[in-house]
Amino acid sequence: MLDKAFDPQTAEPRLYEAWETSGVFKPSGAGEPFTIVIPPPNVTGSLHMGHALNNTLQDVLCRFERMRGRSVLWQPGTDHAGIATQMVVEREMAKRQEPRRTEIGREKFLEKVWAWKAESGGTIISQLKRLGASCDWSRERFTMDEGLSNAVRKVFVQLYREGLIYRDKRLVNWDPKLVTAISDLEVENTEVSGHFWHFKYPLEGGATYQFPIAHDEDGNPTEWETRDYISIATTRPETMLGDGAVAVHPSDKRYAPIVGKKCLLPLADRYIPIITDEYPDPDFGSGAVKITGAHDFNDYKVAQRNNIKLYILMDERARMLDADYIPEKYRGLDRFEARKQVVADIDARGLLIKVEDKKIMQPFGDRSNVVIEPMLTDQWYVDAEQLAKKAIDAVLDGKTKFTPENWTKTYFQWMRNIEPWCVSRQLWWGHQIPAWYGPDGHIYVAETEEDAMKDAIIRLTAEGYSLEDINNMRRHEGGEGPLLVRDEDVLDTWFSSALWPFSTLGWPEDASASSQGGKQSLLAKHYPTNVLVTAHDIIFFWVARMMMMGTHFMKDVPFKDVYIHALVLDEKGQKMSKSKGNVIDPLTLIDKYGADALRFTLAAMAAQGRNIRLSEARVEGYRNFGTKLWNAARFCEMNGCVFDEGFKPAMAKETLNQWIIHEAGKAAAETMGALESYRFNDAAGAVYRFVWNVFCDWHLELTKPILMGPDCAAKTETQQATAWVLSEILKLLHPFMPFVTEELWRETAARPKALAVTSWPAPGDFPAAEKAAEEINWVIGLITAIRSARAEMNVPAGAKIPMIAVGADASVSLAIDANRDLIARLARLDEIHLASTSPKGAVQIVHEGGVYALPLAGVIDIDAEKSRLKKEFDKCVKEIETIYKKMSNPNFVDKAPVEVVEENRERRIAFVERQEKLTAALKQISEA
RNA sequence: GGGCGCGUAGCUCAGCGGUAGAGCACUACGUUCACACCGUAGGGGUCACAGGUUCGAACCCUGUCGCGCCCACCA
C-alpha cells in the first residue's frame, strides 16, 4: 500500500543511496557513450541556485540518455579555486588569531589548506547528491589531484617549448590587496563618481605660446591668450609623479608651437618632453595627455612607441615607493593618500586649474573588490592568440555548436580580440609553475626538478663550466644553496580548468594507453564529450579556454555542444547576491518541497535565451504536481491497476485504452524531441500536461465506471492499460523528478531493475489510434460542454439530470451508446435518451454533430438560457465573419497554402452548422 | 563607443508567420469513495509604440520609447 503522500525528506536520501550503491551512475553497457563533464564547483562553494539549475539540466540529460541505453559518464569533481580558497583559509586563520600565512611559511600554510579541504571541501558534493545528480562519484576528481597536476605540468612545459607560453615584463592588472597579478577577465570595470583634475605643467625656461580660446563658425580661431604652461587633466593625480612626457595629437595645431619643447613636471621637479602621438583625442579635455607609462595601459603603449622612460611609483600593496624620482614626502604613502597630497601641493603652487566631478570607469578586482593598479611586473603569459585560431575554426566548422546559437557571436568577438593571458599568480594555493631559475639567469622549464636540473647541467656544461664550477655555483649561497630556484608563483585556476575535459578522463597517461590490448581507453571512448552545460558568464573564463586547450592538445574539440542556460535571478530580476540579501537557497527549497519540485521548476523555466526569475509559488506548484502523480498511482493501486509484464499496448481493444496509449505516445514523442534539442521547458511542459490534464483529469475519471463496475474483459484490460501508461509516465518523468518516480516504480510493481536504468519509451511502443482518439476527444468535448452549460445555468452540482440527444446521426448514436456510462458519470446525468426533437424549455447544448438537451422545463431561467445561447451565437457569428473575410479574399485563396485554405473551409462549415443549430435552439427557447 | 537580449492576462513567463496560452493569483460552485498540495466552471490581454513586408504579423524588417546584461583604453 502506498502511503497517503510522498515524503521527500525521508525517501530522497534513501533512494539516492540505493542508486549509488547499486552503481547505476557508472557508465555501462555497449551503448554509444554519452559524456558530460561537470563544471567543477569551487571546493569552497556551497550549492546556490545557479548550481541547482546547471546540475538539474545536466542530470536531466544524463538520466534521459542513460535510459535510452547510452553508456553515460557524468564526470564530477571540484576546482581548487586558488584565490577563493586561499582567502577562505586565511580568513579562518585570522578569526582564530593564528599567525599569518607569511609568518608560518608556504609549506605549513599549504598543509592547512589541504586540511581545510579534507574537512570542509566536500559540502557541495553532498549538496549535489541531495539534488539527485547522477554523477559517477567513483570518478570524482579535484583539480589539484596528482593526475590533474601532472596534466597541468605537461601542458605548461609543452606550451613553453612550443613558444606558446613565455615570461614577459609588461603592464599587468595588479591586485594590491591580494598582492597578485590577475587576468583581464578578473577585472570588473565599474562606473563610479570620481574627479577630473586639471593641472598646469609650466613650460621650461618660462617659454610662452599663443593658445586659441575662441573660434568662429568654421572652427577657425578668433581669439588667443598667452600661455606659459600646458594644461593636462587626470583622474588619478598621484600618477603624475611618474609622468615621462606630455603627448598631443600630431594634427593638433594649438600645441604645434611647443611640440618638442619641455615642460616642468611639478612636485617631481623634472623636465619632461612634449611629444606627438596618435593616441590623444584633440576634442577631449585639453587635448594634451600626461604619459605615465608604468601605471596606465594606454600610456604604456605611447611610452613604448616613443621611447619614454617608465617610472614605477608603487610597491606591491600600492604604497608609494622609496625611489629617488619620488619626492620624499610622498614615499610610503598609500596611493589614495598620495593623491590627496599631490592635489593639495599642486593647488598650493597655483597650478590647479579646476576640478570637475566626473563619472569614471574604475577597475576592481572581482574577488578583492579593491581598485586594480596597472603594474609593471614579470609574469607568465599564454599566447592566447595562437591557440584561439583552432578554437575559432572548430566553431566555424560546426564541430562545436552553441545553443542558443547567438552565443557564438559572443564567443567569436572575444576570441578574435583576445589578449595574452596572464597565468601566473602570486599565491601559494595552486599549481606551482614548473620553472626553475639557474645561476646563469636562465629559466629551465620542465615537468620535474630532476629534468630541470639535467637541462641546467647540460646547458652550463655547454657554456664551458666544469662540473666543479657547477657545484660551486650550488654552494654559492653560503654553502648548501640549491643550484636551481623554483618559480614561487602558481598558475591561474582557470589554467587547470581549461584541461578539465581531458585531464579528468585520464590524459596524459590514458592517451598513451589508448590503443593497447584492444580495449578502448576511457579517454578515447568519452572524448570529445557530448555537451557542456553552463551559464554565459563563464564563456570566456572557461569555455573558450577549454576550446583552446582541447583543440591544441587533443586535436579535437572538448565538446560537441555547448548549452548555455539562463542565469537564475530573484523575483525582481536582480542577480542574487549575499550583499543584497536576496539569495534563495536551493537547499531550503529542497527541504520544504523536495528536490523533485525544485528540479522540475528549474527545468520548466529553462527556456532558451531568457533568464529565470525564480518564485517560490512555482516550486510549490510543481510539488503539488508530484503529489498529484502520487495520488494517481494510489488510485491505480486501489483499483487493481497492477503492472502486468504480459500486457502489450497493441493488444488494447477498448477505445478508451487505445486513446490513452495514443495520447501517451504523443506526449512521449514531444518530450523526447524537446530533450534532444535542449528545450527543457517544452519537455517538462509536455509531460506535465499529459500527466495532469490528460491522464489524471480525463483518463482516470473515464475509467471509473469501468473499474468500479463488474469484472469483465474490458475491466481487466483497462486495469492493465492504465498501469502500463502509469509506468510509461514514470519513465518520461524520471529525468525531471527522479525521486518520486523511482519510489513509485518500486512500490507499484516488482521490477527487475531500477527505473533509472530502465529503457526509455520507444516511439513504436505506442500504437497510434486516430479513430479512438477522435471518439474520446468527442466525448470529452461533450462532457465539457454539458458541464459548462450546467454551471452557467446554475444547475446544482450534485443534481443528476437527464439528457436527450436530439437528431443524433448514426455515428453520434453509436458513440453515445459506447460511452453512455462515461458521459453520464462525468456530466452528472441520470439518463441519456435519443429523440428527434428537443423538448420545450430545455437547455440546449450545441456540440459537434448535434444538439443535446437538458430538459429542465420549469426549473431553468428562460432568459438566462436565451442570453447564454445568444452569447454563443454571437461568438459564432464573429468567427464566421472572420473566416468569410479571409475566404472571400482571392489573394488568400490563391497564395495561402492549400492546407490553410482547406482548414478554413472546414472551420467555416462547422461554424455555419453550429450557427444553424444555435438559431434553431434560440427559436425554440423563445417559443417556450 | 560596440554587441546581445527583453517589453504578451494582476504577477512570473511560454508561444516567434495561419482560431492569443500556462502556472500562480482572482470569482462562483463543490462532504462525486486517488488527490482541498483537490475538482468543476468562469472573469481577465488593441501581444510597448509607429511605420513597412505579406493573402495573413504577437511572431519578419525599420524606427521610437522604456528596461536589463556583456565587452571597450577616452586621459
Side-chain angles (χ1 to χ4, degrees), chain A residues 2 4-6 184 189 196 232-236 239 247 279-281 283-292 296-302 360-361 374 404 406-407 409-410 413-414 417 536-537 539-540 567 569 571 573-575 593 597 601 604-605 607 609-618 620-639 681-682 685 688-689 693 696-697 700-701 704 708 783-784 787-792 794-798 800 825-826 828 879 882-883 886 889-897 899-901 903-904 907 911:
Chain A
L2 287 172
K4 186 105 170 90
F6 177 65
D184 301 347
N189 291 303
F196 203 34
I232 60 91
T234 179
T235 56
R236 302 196 305 149
T239 64
Y279 166 59
D281 174 0
D283 297 327
F284 184 80
S286 69
V289 183
K290 63 192 264 309
I291 300 301
T292 319
D296 183 282
F297 289 99
N298 290 310
D299 293 6
Y300 181 71
K301 287 183 201 155
V302 178
I360 52 172
M361 287 302 259
N406 28 319
W407 291 110
K409 267 193 181 173
T410 307
Q413 201 198 331
W414 190 70
N417 297 295
H536 69 77
D537 54 353
I539 292 177
F540 305 146
L567 257 25
L569 309 174
E571 282 157 302
Q574 293 188 307
K575 243 182 173 169
Y593 303 104
T601 307
M605 296 186 82
R610 206 193 245 259
N611 288 334
I612 294 178
R613 294 193 194 188
L614 193 73
S615 74
E616 192 171 326
R618 199 77 187 256
E620 191 185 344
Y622 290 120
R623 186 272 319 265
N624 297 350
F625 174 59
T627 307
K628 185 79 183 174
L629 174 73
W630 184 266
N631 282 302
R634 283 180 71 218
F635 172 85
C636 289
E637 187 181 51
M638 289 171 191
N639 289 283
N681 58 320
D682 289 339
Y688 182 93
R689 283 191 302 274
N693 304 126
C696 291
D697 286 352
L700 294 187
E701 294 303 326
K704 282 178 181 173
M708 288 164 191
I783 292 167
T784 306
R787 295 209 279 220
S788 176
R790 285 178 61 124
E792 249 179 282
N794 290 315
V795 177
K800 291 206 169 187
R825 184 185 170 99
L826 297 199
R828 313 237 82 215
E879 288 290 346
T882 312
I883 300 170
K886 250 190 206 179
N889 180 348
N891 280 326
F892 173 73
V893 183
D894 285 354
K895 294 183 181 172
E899 315 90 72
V900 176
V901 177
E903 195 185 315
N904 274 279
R907 288 188 67 223
F911 273 112

Indicate yes or no for a side-chain donor-acceptor contact from A:Arg618 to the backbone of A:Met605 under 3.5 Å, with no hydrogens or angles considered.
->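 No; zero donor-acceptor contacts below 3.5 Å.
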Which nucleotide in B:G2, B:G5, B:C37 has an atom nearest any side-chain atom of A:Asn406 |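 Of all the options, the side chain of A:Asn406 is nearest to B:G5.
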NA contact type, A:Arg907, heavy-atom cut-off 4.0 Å: base, sugar-phosphate, or nothing?
-> base
A:Asn639 atom CG is separated from B:C35 atom C1', nearest whole Å, by 13 Å
Which whole number of Å gives the distance between the P atom of B:C13 and that of B:U8?
-> 10 Å
What's the OH-P distance between A:Tyr300 and B:C73, to the nearest Å?
->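 Distance, rounded to whole Å: 16 Å.
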Over how many whole Å does the gap from A:Asn631 atom CG to B:C37 atom P extend?
->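 Going from A:Asn631 (CG) to B:C37 (P), I get 11 Å.
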Does A:Arg787 use its side chain to pair, donor to acceptor, with the backbone of A:Leu826 at less than 3.5 Å?
->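 It does hold such a pair.
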For the side chain of A:Tyr279, counting heavy atoms from C-beta on, which of B:A34, B:A41, B:C73 is nearest?
->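 Of the candidates, B:C73 comes closest.
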Assign A:Thr410 to base, sugar-phosphate, or nothing according to its heavy-atom contacts below 4.0 angstrom with the strands shown.
-> nothing
Which nucleotide in B:G3, B:A75, B:A34 has an atom nearest any side-chain atom of A:Asp296 =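 Output: B:A75.
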Where the side chain of A:Asp281 is concerned, which of B:A75, B:A41, B:U19 is the nearest nucleotide?
-> B:A75
How does protein reach along nucleotides 51-61 of chain B, written 5' to 3' as B (base within reach of a heavy atom under 4.0 Å), S (only sugar-phosphate), or - (no contact)?
-> ----B------
Return no unless some side-chain N or O of A:Lys628 is found under 4.0 Å from OP1 or OP2 of B:G39.
-> yes
Looking only at non-hydrogen atoms, find the nearest pair between A:Gln413 and A:Asn417 and report the distance.
->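 Closest heavy-atom pair between A:Gln413 and A:Asn417: O-ND2, 2.7 Å.
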Indicate the atoms forming the closest heavy-atom contact of A:Arg828 with A:Ala797, along with that distance.
->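 Looking at all heavy atoms of both residues, the shortest contact is CD-O, 3.3 Å.
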Tell me the partner of B:G68, counting only Watson-Crick (N1-N3 plus N6-O4 or O6-N4) or G-U wobble (N1-O2 and O6-N3) with both under 3.5 Å; none if nothing fits.
-> B:C4
If you look at every strand shown and take non-hydrogen atoms under 4.0 Å, does A:Thr882 touch a base, only sugar-phosphate, or nothing?
->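 The answer is nothing, as A:Thr882 stays clear of every strand by at least 4.0 Å.
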Which value, in whole Å, describes the distance between the C1' atoms of nucleotides B:A25 and B:C11?
->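 Result for the C1' pair: 7 Å, nearest Å.
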Should A:Lys409 be listed as having a side-chain N or O under 4.0 Å from OP1 or OP2 of B:C4?
-> yes
Any side-chain heavy atom of A:Asn624 within less than 4.5 Å of one from A:Lys628?
->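 A side-chain contact under 4.5 Å is absent here.
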Remember a base hit wins even if backbone is also touched, and classify A:Pro280 as base, sugar-phosphate or nothing at under 4.0 Å, heavy atoms.
-> base
Hey, could you give me the CG/CE distance between A:Leu2 and A:Met638, rounded to the nearest 0.5 Å?
-> 8.0 Å
Just checking A:Arg787: base, sugar-phosphate only, or nothing, at a heavy-atom cut-off of under 4.0 Å?
-> sugar-phosphate
Would A:Phe892 and A:Asn904 satisfy side-chain contact (heavy atoms from CB on, under 4.5 Å), going step by step from the backbone distance to the final call?
-> CA-CA 11 Å; A:Phe892 173 73; A:Asn904 274 279; 3.8 Å; yes
Under a 3.5 Å limit for both distances, which nucleotide forms a Watson-Crick or G-U wobble pair with B:C38, could you say?
->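 When the pairing criteria are applied, B:G30 turns out to be the nucleotide that pairs with B:C38.
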Nearest to side-chain heavy atoms of A:Met638, which nucleotide of B:C37, B:A34, B:C73 =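 For the A:Met638 side chain, the nearest candidate turns out to be B:A34.
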Describe the nucleic acid contact of A:Cys696 in one word from base, sugar-phosphate, nothing, applying a heavy-atom distance below 4.0 Å.
-> base
Could you give the distance separating B:A48 and B:C55 at their P atoms, to the nearest angstrom?
-> 24 Å
B:G2 versus B:U64 - spacing of their P atoms, nearest Å |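 Nearest-Å result for B:G2 against B:U64 at atom P: 13 Å.
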Tell me the partner of B:G23, counting only Watson-Crick (N1-N3 plus N6-O4 or O6-N4) or G-U wobble (N1-O2 and O6-N3) with both under 3.5 Å; none if nothing fits.
-> B:C11
Starting from the 5' end of RNA chain B, give me the residue, A:Arg634 or A:Glu903, whose nearest nucleotide shows up first.
->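 First, find each residue's nearest nucleotide; the 5'-ward one identifies A:Glu903.
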Atom-pair distance (CZ on A:Arg825; P on B:G39), nearest Å = 16 Å
Using the C1' atoms only, state how far B:G56 lies from B:A20, rounded to an integer number of Å.
->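 It comes out at 15 Å once rounded to the nearest Å.
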Check against ring-ring contact (aromatic ring centres under 6.0 Å, His included), A:Tyr688 and A:Tyr622 | CA-CA 9 Å; A:Tyr688 182 93; A:Tyr622 290 120; 5.6 Å; yes
With a 4.0 Å cut-off on heavy atoms, is A:Met361 in touch with a base, just the backbone sugar-phosphate, or nothing at all?
->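 The answer is base, as A:Met361 lies within the cut-off (heavy atoms under 4.0 Å) of a base atom.
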A:Lys704 with A:Glu701: basic N within carboxylate O range, under 4.0 Å |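 Counted as a salt bridge, because a side-chain N and a carboxylate O are separated by less than 4.0 Å.
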Specify the separation, in whole Å, of atom CG of A:Leu567 and atom C1' of B:G68.
->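 Interatomic distance, CG of A:Leu567 to C1' of B:G68: 11 Å.
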Taking atom C1' in both B:A75 and B:C6, what distance in whole Å separates the two?
-> 35 Å
Taking CZ from A:Phe635 and P from B:C38, how many angstroms apart are they, rounded to a whole number?
-> 18 Å
Just do the side-chain contact (heavy atoms from CB on, under 4.5 Å) check on A:Thr410 and A:Asn406 with the steps written out, would you?
-> CA-CA 7 Å; A:Thr410 307; A:Asn406 28 319; over 6 Å; no
Could you state the atom-to-atom distance from CD of A:Glu701 to P of B:A34 in whole Å?
-> 8 Å
Round to a whole Å and report the spacing from CZ of A:Phe540 to P of B:C70.
-> 11 Å
Provide the distance between the two P atoms, one in B:C49 and one in B:G66, to the nearest whole Å.
->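 B:C49 and B:G66 have their P atoms separated by 15 Å.
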Report yes if a side-chain nitrogen or oxygen of A:Thr292 is closer than 4.0 Å to either non-bridging phosphate oxygen (OP1 or OP2) of B:A75; otherwise report no.
->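 Answer is no, no contact under 4.0 Å.
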Donor-acceptor contact below 3.5 Å, side chain A:Glu879 vs main chain A:Phe911 |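 Absent.
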For every nucleotide of nucleotides 21-31 of chain B, 5' to 3': is a protein heavy atom under 4.0 Å from its base (B), only from its sugar-phosphate (S), or from neither (-)?
-> --SS-------
Min side-chain heavy-atom separation A:Ile539-A:Trp414 under 4.5 Å |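 No - every pair of side-chain heavy atoms lies 4.5 Å or more apart.
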Determine yes or no for a side-chain-to-main-chain donor-acceptor pair under 3.5 angstrom, with A:Ser788 supplying the side chain and A:Thr784 the backbone.
-> no
So what does A:Phe284 touch, heavy atoms closer than 4.0 Å: a base, only the sugar-phosphate, or nothing?
->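 Result for A:Phe284 = base.
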Toward the 5' end of RNA chain B, which comes first, A:Asn681 or A:Ile360, by nearest nucleotide?
-> A:Asn681
P spacing across the pair B:A58 / B:G23, given as an integer number of angstrom | 24 Å
